[in-house]
Asks: 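This is the structure, below, for whatever I ask next.
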Number of protein chains: 2
Amino acid sequence: MVERKPDDQMLTAILKAVSDPRRRELLTLLVQHGPTRVTDLARHFDVSLNAVSKHIKVLEAAGLVRRRTEWREHLIEPDMGPVREIDRWFQDLRSIWTQRLDALDKILETEPDDE
Amino acid sequence: MVERKPDDQMLTAILKAVSDPRRRELLTLLVQHGPTRVTDLARHFDVSLNAVSKHIKVLEAAGLVRRRTEWREHLIEPDMGPVREIDRWFQDLRSIWTQRLDALDKILETEPDDE
DNA sequence: CTTTCGTTCAACCATTTAGTTGAATTACTC
DNA sequence: GAGTAATTCAACTAAATGGTTGAACGAAAG
């Protein structure tokens, strides 16, 4: 459910997930401390446990964290994989951009005077 | 610890801006065709001109496009600059991540017995 | 058997967001 | 002067989002 559908939808999910500061902070905590229980993650914030639980679900749906359930304890761990999707998109964008500029340069080269 | 105050807000604005598929498409059009009028951009979508105008404002607030107003015609052009902020954040995150894994490796090295 | 623990689920509420339609603006053209 | 063009602004609606509180669940501990 993580990749395999390199669709725009997945990219949207990933970007939406990290566009929330709380979720970015959550991700930071996770890469700092490794697999962590939901309750322990929630301790770092002044919002309810439920709010944190929901944020984790969003990150999970975006494939940015995985969950290892050991009965009532759910260990959450980060997965940086999906970030590649973001990188790829921006790289594509930049490539189109520079390509266009190069083409423009060539035109200006052959046609020195213009209005 | 996480250094959240200064440009976290900017990062949020940028990520929120590109998390919308319509706005990503808008950006793609812009890097493909260069400076374009609002009306011409709107032609590519099946939503109202006003909707597109609002999307552009969001992109503008995030610094992802600039606007050159030549009387009633507003020329919109992309600015890839802010994308660096995104890159930087993810790079930071990954750096923390690999650093932690390295530290973990060292521990496992000296302590062959696992718990 | 009752309590505790870690977590999700369900039902709400407030705010934000993406969309709409209908002005208002203001130079140029008829 | 009236009409047109390109855009924003204002007001509104519907849906999504982030937050809350109050269950419920089911193993473990007392």
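Each chain gets a letter, A, B and so on, in the order its sequence line appears, and its residues count up from 1.
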Asks: Test salt bridge (charged side-chain N to carboxylate O under 4.0 Å, His left out) on A:K16 and B:D20; report intermediate values, then the result.
Replies: CA-CA 8 Å; A:K16 262 197 165 61; B:D20 183 279; 5.3 Å; no
Asks: Within residues 19-50 of chain B, which residues have any heavy atom lying less than 4.0 Å from an atom of DNA chain D?
Replies: B:R37, B:V38, B:T39, B:L49, B:N50
Asks: For DNA chain D, whose closest nucleotide is more 5', that of A:V58 or that of B:E73?
Replies: B:E73
Asks: So, does A:H55 get its side chain near the phosphate of D:dG19, meaning an N or O under 4.0 Å from OP1 or OP2?
Replies: yes
Asks: Checking contacts here: which listed nucleotide (D:dT8, C:dG6, C:dG19) is nearest the side-chain heavy atoms of B:H74?
Replies: D:dT8
Asks: Could you pull out every donor-acceptor pair under 3.5 Å between side chains of residues 38-52 of chain B and any protein atom, sequence neighbours left out?
Replies:
residue, atom, partner, partner atom, Å
B:D40, OD1, B:R37, NH2, 3.2
B:D40, OD1, B:R43, NH2, 2.6
B:D40, OD2, B:R37, NE, 3.1
B:H44, ND1, B:D40, O, 3.2
B:S48, OG, B:N50, N, 3.4
B:S48, OG, B:A51, N, 3.1

Asks: Just wondering, are more than 12 heavy atoms of other shown residues or ligands nearer than 6.0 Å to CZ in B:R84?
Replies: no
Asks: Expressed in angstrom and rounded to an integer, what is the separation of A:Q9 atom CD from D:dA16 atom P?
Replies: 13 Å
Asks: Tell me whether the side-chain N/O atoms of B:K16 come closer than 4.0 Å to OP1 or OP2 in C:dT16.
Replies: no
Asks: Judged by atom type as modelled, is there a donor-acceptor pair below 3.5 Å linking the side chain of B:T36 to the main-chain atoms of B:G34?
Replies: yes
Asks: Partners of B:E77 by side chain to side chain contact (heavy atoms under 4.5 Å, CB included), sequence neighbours excluded?
Replies: B:P35, B:R66, B:R68
Asks: Please state how far atom NZ in A:K54 lies from atom C1' in C:dG6, giving the value in whole angstrom units.
Replies: 18 Å
Asks: Please name the residue in the list A:I86, A:D87, A:D92 that meets the side-chain contact (heavy atoms from CB on, under 4.5 Å) test with A:F90.
Replies: A:I86
Asks: One character per nucleotide, please: for nucleotides 24-30 of chain D, 5' to 3', B when the base has a protein heavy atom closer than 4.0 Å, S when only the sugar-phosphate does, - otherwise.
Replies: --BB---
Asks: Test of understanding: with side chain to side chain contact (heavy atoms under 4.5 Å, CB included), list the residues that count as partners of B:V58, not counting sequence neighbours.
Replies: B:A17, B:R23
Asks: Quick one: side chain to side chain contact (heavy atoms under 4.5 Å, CB included) partners of A:S95, sequence neighbours excluded?
Replies: A:Q99
Asks: Reckon A:K57 touches a base, only the sugar-phosphate, or nothing at all at heavy-atom distances under 4.0 Å?
Replies: sugar-phosphate
